[in-house]
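Encoded as structure tokens, the structure appears first; notes follow it.
Every chain is numbered from 1 and lettered A, B, ... according to where its sequence line falls, protein lines coming before strand lines.
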2 protein chains.
Amino acid sequence: MSAAEKHDVFQAIADPTRRKVLQLLAEGDLPISEITSHFSMSRTAIAKHLHILSEAELVSGRKVGREKRFRLQPEPLAELKQWLSFYDQFWDNKLSILKHVIENSGENGLKVIEKEKDTDEPS
Amino acid sequence: MSAAEKHDVFQAIADPTRRKVLQLLAEGDLPISEITSHFSMSRTAIAKHLHILSEAELVSGRKVGREKRFRLQPEPLAELKQWLSFYDQFWDNKLSILKHVIENSGENGLKVIEKEKDTDEPS
DNA sequence: TTGACATGAAACCAAATGGTTTTATATAAT
DNA sequence: ATTATATAAAACCATTTGGTTTCATGTCAA
């Protein structure tokens, strides 16, 4: 595959097979052969996709027994999210503004302003 | 380039040059040659990138005089945003929960509920 | 210990990608 | 009318991508 450069998250999610792999792993860790069973292509092909996802650090694999179990690592998606947030300003709906505020607030110090309606205990 | 299938938004943003083109167009409409002046590659190459962006409907071009002016069309990024939002649940910070709520609320009637943090996955 | 299972690694391949150069055409400016 | 500008379209090219098949290796189970 790629001789030199590592794949980034943008490249990693460009392929529909890889997106489906991510979705599968979202439900729980899986070994390669199990993942492969959800596709109509060879195990080797899936292994290569996992390698690319791994380079982008969207998944990590650890060997357990004779299996190699893969786990979803969603952290790099934050980069995508941040990239996307720049384009929020070109949408003209109000939610994007609110979201922008939230994105730029720290882990703490969350302040949410409620509109007139007063809601207690939702289910 | 691609013989049959149109490029989608995931493929379109996979290339750094194309992302830079989008960023440029965010500042305003531009004709091809103007866009090209910001890169160290041929006009033809840029035209091809614009074609791919166009297939993904991230830009549109209209001819004005002898120029073809391109404009950013951010709407397809909503698909990306939606795709991303699925993975919010795998982050364990509170912001992602809040954002999820906002994403799923209507234009009015914003209700925000603070939840206790759960899920400490055993490694 | 002998298989069966799970993966790794390599060689190979067609098509797509990302670029180039060349040639042609339409519009603008002098 | 001539020339310069802006783009389009085509042919070409090297590398990457996304897949295959084949062979080797490590591990579990009987």
Among dA6(C), dT17(D), dT17(C), the one nearest Q11(B) by side-chain distance: dT17(C)
Just verifying a value: how many Å separate L24(B) CG and T36(B) OG1, rounded to the nearest 0.5 Å? 10.0 Å
I want to check one thing: is the phosphate of dC5(C), taken as OP1 and OP2, less than 4.0 Å away from some side-chain N or O of S33(A)? no
Using atom CZ of R62(A) as one end and atom P of dA6(C) as the other, report the distance to the nearest whole Å. 17 Å
Show your reasoning for whether side-chain contact (heavy atoms from CB on, under 4.5 Å) applies to F70(B) and L53(B). CA-CA 10 Å; F70(B) 280 87; L53(B) 289 169; over 6 Å; no
Using whole Å, what does the distance between atom C1' of nucleotide dT16(D) and atom CD of E55(A) come to? 13 Å
For nucleotides 20-30 of chain D, just jot down a letter per nucleotide in 5' to 3' order: B, S or -, based on protein non-hydrogen atoms under 4.0 Å. BB-----BB--
Roughly how far, to the nearest 0.5 Å, is the CZ atom of R18(A) from the CD1 atom of I52(A)? 4.0 Å
Please report, rounded to the nearest Å, how far the P atom of dT7(D) is from the CG atom of L50(B). 10 Å
Nearest-Å distance for atom pair NZ/C1', residues K68(B) and dA9(D): 12 Å
Could you give the CZ-to-C1' distance, from F10(B) to dT17(C), as a whole number of Å? 20 Å
Determine: side-chain N/O of H7(A) to OP1/OP2 of dT16(D), distance under 4.0 Å, yes or no. no
Terminal axis angle for the helix from dT1(C)-dA30(D) to dT30(C)-dA1(D), five pairs an end, nearest 10 degrees: 20°
Calculate the interatomic distance between H51(A) atom NE2 and dT17(D) atom P; express it in whole Å. 12 Å
Step by step, work out the salt bridge (Lys or Arg N to Asp or Glu O under 4.0 Å) result for D29(B) and R69(B). CA-CA 6 Å; D29(B) 301 9; R69(B) 300 190 73 84; 5.3 Å; no
Describe, in one word, how the ring planes of W83(B) and Y87(B) are oriented to each other, choosing from parallel (under 30°), tilted (30 to 60°) and perpendicular (over 60°). tilted
Steps toward side-chain contact (heavy atoms from CB on, under 4.5 Å) verdict (H49(A), M41(A)): CA-CA 11 Å; H49(A) 282 304; M41(A) 67 179 73; 4.2 Å; yes
Residue-level proximity of residues 15-32 of chain B to DNA chain D when a heavy atom falls under 4.0 Å: P31(B), I32(B)
